[in-house]
Amino acid sequence: MSVLIDQKKRIFTLQTAHTSYQMQADELGYLLHLYYGPKTDGEADYLLTFLDRGFSGNPKEKAEGKSYSLDVLPQEYPFKGGGDYRSIAFCMENADGTQCCDLRYRSYELENKKYRLPGLPAARAEEGEAQTLEILLEDGPSGVEVRLLYGVYEAEDMITRSILIRNGGKAPVVIRRAASCCLDRLSGSYDLVHFHGRHTMERQFERTRIRHALTSIGSRRGMSSHDHNPAVILAARESCETAGEVYGSMLAYSGGFFCEAEKDRYEQTRLVMGMTDDQFAYPLEPGEELAAPECILTFTEDGFRTLTHRYHDFLRKHVIRDPRKGKPAQVLINSWEAAYFNFDRETILRLADGAAQLGMDLLVMDDGWFGDRSDDLHGLGDWYVNEKKLGCSLGELIAETERRGLKFGIWIEPEMVNENSDLFRAHPDWVLRVPGREPVYSRNQLVLDFSRKEVRESIFGSICAVLDQGRIAYLKWDYNRSIADLYSAERVPGKILYDYILGLYEFLEMLEARYPALVIEGCSGGGGRFDAGMLAYTPQIWCSDNTDAGDRLLIQYGTSFFYPAVSVGAHVSAVPNHQTGRVIDLKARGITAMAGTFGYELDPSGLSEEEKEEVRTQIRDFRRYAPLIAEGDYYRLSDPFTDGIAAWAFVAKDGKQALLNYVTNQNHAGMDVKYIRLAGLERERMYRCAQTGRIYPGSILMGAGIPVMPEMKDYASGQYLFTAE
Ligand code: GLA
């Protein structure tokens, strides 16, 4: 049993293989957090202390003693209105305009399966893999019920949390904040590890000391965003890659989010995470419900590396619905950087010819094939094939591509519209736009109101009409701006952002139901919506519009903390690179792209014969390594920001094979020799390296490493496959 309940003391313990998570519904009915840490059979209620704390209020029952304050006690779901002045998880507005509630324990339920969420993705579980504990809290005066859901994945050491809110009263209420998780720590000093960035430079690792001030990250863009990723680490000050206490918190949501961390007056640390409350005011009539997205948690004493392995395994097994599973990896060519908007039938078939000669499997025709789309000013929303531009029908193009031995993929951006489009001319009221005001433009496009069913249904119909024109194996789903104008003909503004995301998920679900074998790549100007919510529908996400291998080393380093390589879209592109102007050799570009889904985004006809031969070799290598990259454990072996080298390895679960990769990213005169220490091997075994032909002891490979000699060039790189003898 992974959930233990002490009925008398009302203590609930979630047990996983190496961790315990404990809470107590105390004598007043407040749900206090007791413990999240290394596994224990004991009870941690003795950790709670009660002192008279100045200016911290007390509930009526304890007013006399003055020593019981929600302002100080660790809680599972702190709410506004109970005298807790720290970051809170829940806030509701009553019919009289007051913002208060008093959430008290009512009951619990235990189920031998994983809960599901209405309209939102939630991690899956086969029979016997997970249990659900549901704790019902209620605000007596309003009748509002808040169900805290805990999914316990014992073997994986993961705990999921989510919240279901139901207005069980007689008057309407408005939900102002509904976070998904709160982590209270009674003592210790922590850092917040988070991943910030911008378009073309996503998920940069940053470690911020949590002080006596609010550290707050998130997105108000209606999307999880390039700026911050909805996955963070609460890291004990002394923790590092290979040791120390770290808590992971990942929100499976693709809309705006917040994460707040602070150290309070008494040196206690709190982390709260959930969907954003910016422009959020969700009315609930009596009987209505609202679900908060799932948050996926883990704890380990063994540093970032173990945390990473847990999330990679968990996402691969329980979150990503993957039609690619069990099939050979596909190497694709994408037309974007090869041709941008300037292509026709001949261009696409030239790319197909080139790709086929090099041994690729799939051609993806990117933006520019539909409506009047010859630049980013026109055509979005007009999902019919521009046969005049192409010079043939889509069916013919697909057939011609297939004749060359390649499957066909296509780009769409269903949530958007250009004003200069037939769709906008026919339905100007379908966009998010405030009446009487000019909308905010971004990439010349406006956002369709995906909270509205008729809008979604119409777009779904036109997209299906395209997908039905031939065998389309792959779809790239793009999203190229942030939401700015919140008005919808059908609902109050405070509902739009949330309902929009539900609409997006419903659309993706319908697509998957109709085309179960279709591989969907998520994209949002690269990695602007790289989150576990999207991964539930799009097994891979274009990591960044920046294809420069040098920058990618940093972007992919940050991405690797939570997201497995098999979900990371990565391509080899032409040099000088289109985003940075940098020239990095083909070898380093190939190795870098192999830390992801691997493919090409260039015109093969521009390659020399020598380069073509190198590409053929890369593709052969990738096919050989693909299972290890997709299923192995990922090890970061250096810090590319400080070490002058990016090194990482994919290691088979049984430790018998490892693929070591490195690219140097700082060259100076008189460089030192870099020693990369492998990890995850078996100490006692000998390993043969396919590239050097030498045999190495596992103990020394891990204990001292393998030397990387200085080279007279930038971005020197290498890839070594070690196999146990
Ligand atoms: C976004 C994507 C690119 C490409 C363009 C097309 O920027 O991230 O990969 O598809 O849109 O307009």
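Note: hydrogens, waters and symmetry copies are ignored here, and every other heavy atom, side chains too, is used. In this chain, numbering begins with 1 at the start of the sequence shown. Counting convention: from 1, in listed order, for ligands and their atoms alike.
In summary, of the residues considered (I296, N229, V319), a side chain to side chain contact (heavy atoms under 4.5 Å, CB included) with M250 occurs for I296 alone.
Between R529 and D478 there is no salt bridge, since no side-chain nitrogen of the basic residue lies less than 4.0 Å from a carboxylate oxygen of the acidic one. Between R316 and D313 there is a salt bridge, since a side-chain N of the basic residue sits under 4.0 Å from a carboxylate O of the acidic one.
Sorted by chain and number, the heavy-atom contacts of ligand 1 below 4.0 Å come from W336, D366, D367, W411, R443, K476, D478, N480, C523, G525, G526, W542, D545.
Side-chain contact of R552 with S544: a donor-acceptor pair under 3.5 Å is absent, judged by distance alone.
Taking CG of L602 as the start and CH2 of W336 as the end, the distance is 15.5 Å to the nearest 0.5 Å.
For the salt bridge (Lys or Arg N to Asp or Glu O under 4.0 Å) test, no residue two or more places apart in sequence or in another chain qualifies with D621.
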